[in-house]
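One-based numbering along the sequence shown.
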Amino acid sequence: MAGRAQIPTKSSALIAMIADEDTVTGFLLAGVGNVDLRRKTNYLIVDSKTTVKAIEDAFKEFTTKEDIAIILISQYVANMIRFLVDSYNKPVPAILEIPSKDHPYDPAHDSVLSRVKYLFSAESVASGRR
């Protein structure tokens with residue numbers, strides 16, 4: 001299909017995380033963690049001392065790395081950089097907003113869910129014209 005973004009295929013890809021300590025620790029125990037040769041990790045632990053600039057930098061770094069396929073970001077952290085999350089439109093890495101222990105999931109703020117709702121509403125309008 002011409003015009004579609006080509007998704008690179010590799011033998012393996014990583015999952016990156018931007019979340020609170022408990023969430024990141026759980027995923028690290030499940031085997032998601034990685035440290036490359038430059039001692040860079042594929043996660044950022046966000047706490048009360050983490051600046052918005054550090055979160056923005058991590059998000060930009062993870063979205064430009066070739067070896068990352070999915071970025072899991074806590075929804076309350078995504079709300080801190082909502083303008084970056086909403087403006088990101090590439091298929092890979094996919095951005096998934098997840099709940100955290102202290103902050104419940106709010107579907108009204110989920111960028112992926114809002115895009116899906118928009119697409120389905122646009123399709124239903126377009127199919128009604130035929």
Are the side chain of N42 and the backbone N or O of G33 linked by a donor-acceptor pair below 3.5 Å?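 No.
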
Could you tell me which residues satisfy side-chain hydrogen bond (donor to acceptor under 3.5 Å, both in side chains) with D36, sequence neighbours excluded, listed by chain and number? none

Non-neighbouring partners of A54 that pass side-chain contact (heavy atoms from CB on, under 4.5 Å), sequence neighbours left out: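 side-chain contact (heavy atoms from CB on, under 4.5 Å) list for A54, sorted by chain: T50, T51.
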
Quick one: list whatever passes side-chain contact (heavy atoms from CB on, under 4.5 Å) with K49, sequence neighbours left out.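 Counting only residues at least two positions away or on another chain, K49 forms a side-chain contact (heavy atoms from CB on, under 4.5 Å) with D47.
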
Side-chain donor-acceptor distances from residues 14-21 under 3.5 Å, at least two apart:
residue : atom : partner : partner atom : Å
D20     : OD1  : T23     : OG1          : 2.8
D20     : OD2  : D22     : N            : 3.3
D20     : OD2  : T23     : N            : 3.3
D20     : OD2  : T23     : OG1          : 3.3

Indicate yes or no: at least one non-hydrogen side-chain atom of Y43 is less than 4.5 angstrom from one of T25. no

Heavy-atom distance under 4.5 Å between the side chains of I55 and V77, does that happen here?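 The answer is yes, as the side chains (C-beta and beyond) meet within the 4.5 Å cut-off.
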
When you group the ILVMFWY residues by side-chain heavy-atom contacts below 4.5 Å and let the links chain together, are [Y] and [X] in the same group?
X   : Y   : value
I73 : F27 : no
I45 : L96 : yes
V46 : I98 : no

For [X] against [Y], the heavy-atom pair lying closest together:
X   : Y   : value
Q75 : R82 : O-NH2, 4.2 Å
I70 : I68 : O-CG2, 3.5 Å
I71 : P93 : CD1-CG, 3.9 Å
V52 : M80 : CG1-O, 4.0 Å

Could you give the distance from CD (E97) to CG (N79), rounded to the nearest 0.5 Å? 7.0 Å

K53: which residues meet the salt bridge (charged side-chain N to carboxylate O under 4.0 Å, His left out) condition with it, sequence neighbours left out?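 So K53 forms a salt bridge (charged side-chain N to carboxylate O under 4.0 Å, His left out) with D57.
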
Taken in chain and number order and not counting sequence neighbours, the residues that satisfy salt bridge (charged side-chain N to carboxylate O under 4.0 Å, His left out) with R39 are none

Worked verdict on F59 versus L44 for side chain to side chain contact (heavy atoms under 4.5 Å, CB included): CA-CA 9 Å; F59 183 83; L44 173 69; over 6 Å; no

Could you note down all residue pairs passing ring-ring contact (aromatic ring centres under 6.0 Å, His included) where residues 62-83 supplies at least one of them, sequence neighbours left out?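 Every ring-ring contact (aromatic ring centres under 6.0 Å, His included) pair that includes a residue of residues 62-83, provided the two are not neighbours, is Y76-H103.
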
Stepwise, does the side chain to side chain contact (heavy atoms under 4.5 Å, CB included) test hold for I95 with T63? CA-CA 9 Å; I95 310 298; T63 55; 4.1 Å; yes

